[in-house]
Every structure is written in C-alpha cells, then in structure tokens.
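Below is one structure; the comments refer to it alone.
What you see below is based on every heavy atom in this structure, not just the backbone, and it leaves out hydrogens, waters and symmetry mates. Computed from a prediction, not measured in an experiment: that's the story for all the values here.
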Amino acid sequence: MPASLPTLTLMTLNIHMGFAQFNRRFVLPELKAAVHAVHADIVFLQETLGSHAGHALRHAGWPAEEQSSFIADTLWGNVAYGRNAVYADGHHGNAVLSKFPILRWDNHDISILGTEPRGFLHCVLAVPQGGKRPPLEVHAICTHLGLREAHRRQQLERLCDFIAELPPEAPLIVGGDFNDWRQRAGPMLAKAGLVDAFVATGQLSPRSFPVRVPLLRLDRIYVRGVTVAAAEVLSAPPWKHLSDHAALTATLQP
C-alpha cells in the first residue's frame with residue numbers, strides 16, 4: 001500500500017438480522033451503538049435485513065429504513081446493500097458501510113440451486129492518498145457462503161474467478177461469514193494472492209461462533225496488496241449479547 005494512504009480499520013459482523021443469539025431479543029439499536037464505538041472506516045455486514053413486514057409490526061423501534069442504513073446513520077456516509085434472499089415478508093443480504101465514497105458496486109449471486117440464496121457484494125472505494133494525489137481505488141468484497149462444504153467450494157471458485165479479473169495492483173479486502181469451520185477457504189484464496197488478516201499477524205484464523213463460547217472459525221478477513229498491523233476478535237461484552245457471531249476487526253497500515 002502506498003505510504004500516503006491513511007491507516008484503515010475494517011470490521012466484519014454477521015448481525016443475525018438484528019437479534020441476539022437464539023432470536024431471544026431484538027438488539028439492533030444496541031448493536032448499532034457497539035459498531036459505532038469501534039469507528040471502523042469500512043464495515044462488512046452479513047444477514048442484514050432490507051425489510052421485514054412481520055418484524056416491523058412485532059418489535060418496537062424497528063427502523064423504517066434498511067438495517068444497513070440504520071446502522072450507518074451519519075458515521076458512514078456511503079452504504080451499499082446487496083439483496084440475496086427474498087421472501088414474503090421482506091429480504092436480506094450483505095452490506096458495506098464506508099467512510100469513503102463508493103464509486104461503484106455490484107451484487108453477485110452465487111447461490112446453489114435448491115439451497116439458501118447466497119451472494120457476494122463487490123464495492124470499489126475511493127480512498128484518499130493525501131496531498132494532490134488522486135484517491136486510490138480499493139476493492140472491498142463482503143460475502144456469506146453456504147453451509148455445505150461442496151457448495152462453499154463452488155462459491156469460492158466463483159469468487160476466485162471474479163478476483164482474477166480485478167486489477168492485480170489494486171488493494172483488495174474480502175470479509176464476511178465463510179461458514180468455513182474446516183478451514184478450506186484459506187488455501188483456495190491464497191492462490192488468488194489473499195492472506196487471512198489474523199494469520200498475517202501471527203495468529204490462527206479466529207474462533208467466532210457461537211459468540212458466547214466461540215468454537216468454530218466461521219468469520220474471516222482476507223487481504224491482498226496491504227499490510228495488516230493488527231487483527232482482533234470482539235466477543236466480550238457487549239458483543240456476547242448482540243448476535244450469534246463475534247465481530248472481527250483488522251487494522252491496515254500504509
């Protein structure tokens with residue numbers, strides 16, 4: 001990453017549609033406050049609701065806007081939401097919140113016929129380099145992969161095919177819920193030049209599920225063309241009460 005770029009903080013979290021573990025309580029306002037407290041520059045969200053008519057009637061304080069826009073509020077002025085699953089009451093998918101302009105974005109359907117819809121959301125961000133230099137285009141991909149290993153492999157292959165078409169010199173961040181408890185994603189993405197942010201800082205891929213006693217390594221941040229300074233799992237209070245997944249953060253240095 002060119003030295004004139006700012007230090008960037010990333011965050012990824014499966015928000016479980018705004019409900020605590022086992023759907024016991026609607027916690028989206030509390031989750032919003034916790035996400036804001038991190039002050040990440042770029043946030044990847046999975047299982048974020050675009051709308052849900054039934055929940056809106058049952059829960060006081062249900063936001064009128066998409067959950068991603070509700071969380072973003074005024075802290076992240078740029079939001080992209082990729083609708084993946086559509087049903088009678090509404091729809092949900094992945095979202096990217098960014099403090100930097102989103103130049104363009106597109107949502108890619110990687111669903112396997114007969115299974116729950118899945119996708120990845122690709123955004124191109126304009127990150128300032130300082131001085132009179134033009135902003136640098138940083139590619140950000142938020143994804144949520146399937147539950148079966150054979151399906152995840154197909155989805156990862158499609159993701160890798162897409163990454164192969166991106167400018168190789170451009171910084172790339174891929175984050176989300178990979179459902180990859182057998183840790184097969186890393187070697188596949190390594191062929192595309194990506195490294196797990198935790199591995200890059202001398203750690204193992206993080207245990208992130210279930211959040212109260214994290215056992216499975218489901219959530220990841222992968223990067224290419226940047227230096228990872230730190231990576232952390234957020235599973236202590238208040239995070240233990242805000243989703244069924246822990247949040248992950250990573251700091252990228254110039």
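Cluster annotation: I42 is connected to L252 through the hydrophobic network of ILVMFWY side chains, with a link wherever side-chain heavy atoms come within less than 4.5 Å. The cluster map of Ile, Leu, Val, Met, Phe, Trp and Tyr, joined by side-chain heavy atoms under 4.5 Å apart, puts L45 and V79 in the same cluster. Taken together through direct or relayed side-chain contacts under 4.5 Å among Ile, Leu, Val, Met, Phe, Trp and Tyr, Y222 and L172 form part of one hydrophobic cluster. By the rule that hydrophobic residues join a cluster once side-chain heavy atoms approach within less than 4.5 Å of another member, L121 and I163 end up as members of separate clusters. Note on F70: it does not cluster hydrophobically with V96, by side-chain heavy-atom contacts below 4.5 Å among ILVMFWY residues.
Between A40 and L10, the shortest heavy-atom distance links the atoms CB-C, 4.2 Å. Shown here for A231 and T201, the closest heavy-atom pair between the two residues is CB-OG1, 4.1 Å. Between P171 and L136, the shortest heavy-atom distance links the atoms CG-CD2, 3.6 Å. Contact detail for G186 and D180: the closest heavy-atom pair is N-OD2, 4.4 Å. Here the closest heavy-atom approach between residue P128 and residue F100 is recorded as CD-CD2, 3.5 Å. Residue G50 comes nearest to Y81 through the heavy atom pair N-OH, 3.4 Å, listed as atom of the first residue, atom of the second, then distance.
Between W181 and F209, the gap from one ring centroid to the other reaches at least 6.0 Å. Side-chain rings of H245 and W239 stay apart, their centers remaining 6.0 Å or farther from each other.
Q129 places a side-chain N or O within 3.5 Å of a backbone atom of P134 that can act as its donor or acceptor partner. Side chain of Q155 to backbone of G146: a donor-acceptor contact under 3.5 angstrom is found. T12 places no side-chain N or O within 3.5 Å of a backbone atom of G175 that could act as its donor or acceptor partner. In this structure, the side chain of T143 engages the main chain of G119 through a donor-acceptor pair within 3.5 Å. Checked by atom type and distance alone, the side chain of D41 pairs as donor or acceptor with a backbone atom of T9 at under 3.5 Å. A donor-acceptor pair under 3.5 Å is formed between the side chain of Q67 and the backbone N or O of M17. Between the side chain of N107 and the main chain of R83, a donor-acceptor pair closer than 3.5 Å is present. Between the R207 side chain and the L215 main chain, a donor and an acceptor come within less than 3.5 Å of each other.
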query: Given H55 and F19, is the side-chain contact (heavy atoms from CB on, under 4.5 Å) satisfied, shown in steps?
result: CA-CA 11 Å; H55 289 334; F19 291 89; 3.9 Å; yes
- request: Please assess D73 against H36 for the test side-chain contact (heavy atoms from CB on, under 4.5 Å), listing each intermediate value before the final yes or no.
  value: CA-CA 9 Å; D73 203 352; H36 277 232; 4.0 Å; yes
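Side chain to side chain, H139 and H122 meet the donor-acceptor criterion of an N or O pair below 3.5 Å. With 3.5 Å as the limit, one finds a donor-acceptor pair spanning the side chains of Y87 and H92. A donor atom on one side chain and an acceptor atom on the other are found under 3.5 Å apart for D106 and H108.
Residue L28 forms a side-chain contact (heavy atoms from CB on, under 4.5 Å) with just one option from I71, L242, T48, and that option is I71. Put simply, the residue from R220, H144, Q46 that forms a side-chain hydrogen bond (donor to acceptor under 3.5 Å, both in side chains) with D177 is H144.
Using a 4.0 Å cut-off between a side-chain N of Lys or Arg and a carboxylate O of Asp or Glu, E149 and R153 do not qualify as a salt bridge.
For R58, the CZ atom counts as densely surrounded, since its 6.0 Å shell holds more than 12 non-hydrogen atoms of other residues, nucleotides or ligands. In this structure, R158 places its CZ atom where more than 12 heavy-atom neighbours from other residues, nucleotides or ligands lie under 6.0 Å away.
Put simply, the side chain of N84 does not reach to within 4.5 Å of the side chain of D109, judged on heavy atoms.
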